[in-house]
Number of protein chains: 2
Amino acid sequence: MARKTGSHAQITGPKIRSEALRLFARHGFAAVSMRQIAAAVGVQAGALYLYTPDKEALLFDLLKTHMDELLEAWAGEPRGAGPVEALEAFVRFHIRFNLSRPDAVFLSYMELRNLGSANFVMIEDLRKAYERELEEILIAGQQAKVFAIPDTKLATMALIAMLTGVTTWFREGGRLSQARIAAIYWDMARKAVGA
Amino acid sequence: MARKTGSHAQITGPKIRSEALRLFARHGFAAVSMRQIAAAVGVQAGALYLYTPDKEALLFDLLKTHMDELLEAWAGEPRGAGPVEALEAFVRFHIRFNLSRPDAVFLSYMELRNLGSANFVMIEDLRKAYERELEEILIAGQQAKVFAIPDTKLATMALIAMLTGVTTWFREGGRLSQARIAAIYWDMARKAVGA
DNA sequence: GTTTTAACTGAACATCCGTTCAGCGGCAAA
DNA sequence: TTTGCCGCTGAACGGATGTTCAGTTAAAAC
């Protein structure tokens, strides 16, 4: 046997990435074998190597794509005039974006350690760039005296950790809607920075 | 060769747990082999099975011990009279305890998925019990009208995520001392709940 | 000084791992 | 109708995996 009916290159590639993402997020990078991914795609293990040079590159591709999309989406996000409006935009954006990609968020926070050092640094830098976006909002608000923050760096890490945590417990169709959750988190974030 | 000079049972057991904890936290449960743990301990792989029935039981033991110690330490922690004082005690305790055991904290949040369902539920229940401790403080403060929280359950998750996040970036000897960090986080937590 | 026992070795088990590659079937262009 | 090649198979590679166990030795018990 060889290729099944029809041409599949433009289906198989994306499907490998989506199945790998799902499996890595569920069981962890090291716990998922190339054969498991292949089986989920409906293909033999060898075929995966037409789309990725090796297993780590597959993980890196998923993480890099996620971070690129995150930064690009935030860059295209409308935000208000002042620091308070900018912070509200960031809070709502972060929750909305992360809840739309729970698997990728989980991977980004858990599986960085499975990357070689060069790849690790690349993802780490993208993450720092994103954190810097929030910190600049906090610094602007601090200078405009609309925020009261003892340390903008710590506040950045605290807020991001708080917001990202939503992905660990949120379930679609739960007690609260996504909009309600975002409103509550914005309320807490606003108070936390003294605005 | 067999046993080296001296009796080692009371050394080897704890050493297996501490080395396994370190390696699991660094590389992930699935990525660490029994032979790697054995090598770190200074023993052959087969000897590990005198101390644990299998690899998953070793992970479970680490997680269970961590959660037990966490709950026990909090139970023995002095806390003030009112909800505000209790929240301050919780914030400072959580940061101090988690920073003293970064590997175990990391494991607890990342490797639950490698547990069988029975073991998973046990650890999950202990975690819920700990979260409940915080929520009860928030509920008490809400009723006493010293806190202004839209939703105590969400506030619980938000605060714990914020506080636990410290372990992901804190490095001994960094820009800020642990006491200063705890003070800043307490400031933000207090504001976030409207106290 | 002898026996017992606790602590560990080292080899073996079947199975799985990531990765490579010669070959083949189905499709499109000529 | 033939040719060429894209997308994939299926087997194979060396090595690693978790786990078991008969055997061995140092120390403890008598």
Side-chain angles (χ1 to χ4, degrees), chain A residues 1-24 26-63 107 111 113-116 118-119, chain B residues 1-24 26-63 107 111 113-116 118-119:
Chain A
M1 220 195 313
R3 180 168 52 163
K4 311 287 180 57
T5 63
S7 184
H8 288 147
Q10 297 181 347
I11 295 172
T12 305
K15 201 169 178 190
I16 288 173
R17 281 184 284 276
S18 68
E19 292 296 335
L21 176 60
R22 194 176 58 81
L23 289 167
F24 286 163
R26 289 242 197 311
H27 309 293
F29 174 74
V32 175
S33 71
M34 294 301 266
R35 276 170 248 260
Q36 281 176 60
I37 298 168
V41 173
V43 104
Q44 293 297 315
L48 301 182
Y49 291 86
L50 298 169
Y51 299 90
T52 184
D54 53 44
K55 196 186 177 191
E56 189 196 316
L58 183 52
L59 174 64
F60 176 73
D61 181 58
L62 293 171
L63 297 180
L107 258 203
E111 303 292 1
R113 61 188 170 190
N114 287 297
L115 257 29
N119 284 341
Chain B
M1 221 197 309
R3 179 168 53 165
K4 310 287 181 57
T5 64
S7 183
H8 288 148
Q10 297 182 347
I11 295 172
T12 305
K15 200 169 178 190
I16 287 172
R17 281 185 284 278
S18 67
E19 292 296 334
L21 176 60
R22 195 176 58 82
L23 289 167
F24 287 163
R26 289 243 197 311
H27 310 291
F29 174 74
V32 174
S33 71
M34 294 301 265
R35 276 171 249 263
Q36 282 176 59
I37 298 169
V41 174
V43 105
Q44 293 297 315
L48 301 182
Y49 291 86
L50 297 169
Y51 299 90
T52 184
D54 53 45
K55 195 187 178 192
E56 188 195 318
L58 184 51
L59 174 63
F60 176 74
D61 181 58
L62 294 172
L63 297 180
L107 259 204
E111 303 293 1
R113 61 189 170 190
N114 287 297
L115 257 29
N119 284 340

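Chain identifiers are assigned alphabetically (A, B, ...) following the order of the sequence lines, protein sequences preceding nucleic acid strands; residue numbering begins at 1 within each chain. Side chains included, hydrogens not; waters and symmetry mates left out as well; all remaining heavy atoms used.
- One interatomic measurement links the two molecules: CG of A:Asn114 to C1' of C:dG18, which rounds to 14 Å at whole-angstrom precision.
- Distance B:Leu50 CG to C:dT9 C1': 11 Å, rounded to the nearest Å.
- Regarding contacts with the backbone of D:dC8, a side-chain N or O of A:Thr12 is found under 4.0 angstrom from either OP1 or OP2.
- Here A:Leu59 contributes atom CG and A:Arg17 contributes atom CZ; the two are 13.5 Å apart, rounded to the nearest 0.5 Å.
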Mark up nucleotides 14-19 of chain D, 5' to 3', with B wherever a protein heavy atom is under 4.0 angstrom from a base atom, S wherever such an atom reaches only the sugar-phosphate, and - elsewhere.
---BBB
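- Scored by the side chain to side chain contact (heavy atoms under 4.5 Å, CB included) test, A:Tyr51 finds A:Ala9, A:Thr12, A:Ile16 as partners (sequence neighbours excluded).
- The NZ atom of B:Lys15 sits 14 Å away from the C1' atom of C:dC8 (whole-angstrom rounding).
- Residues forming a side chain to side chain contact (heavy atoms under 4.5 Å, CB included) with A:Ala39 (at least two apart in sequence, or on another chain): none.
- Residues meeting the side chain to side chain contact (heavy atoms under 4.5 Å, CB included) test with A:Ala47, sequence neighbours left out: A:Val43.
- As rounded to whole Å, 14 Å separates atom P of C:dA12 from atom CD of B:Gln44.
- Nucleotide C:dG18 holds its C1' atom 13 Å from the CG atom of A:Leu58, rounded to whole Å.
- Rounded to whole Å, atom C1' of D:dC21 lies 15 Å from atom CG of B:Leu48.
- The salt bridge (charged side-chain N to carboxylate O under 4.0 Å, His left out) check on A:Arg35 picks up nothing, with sequence neighbours excluded.
- The side chain to side chain contact (heavy atoms under 4.5 Å, CB included) check on B:Arg113 picks up A:Phe106, A:Glu111, B:Glu111, with sequence neighbours excluded.
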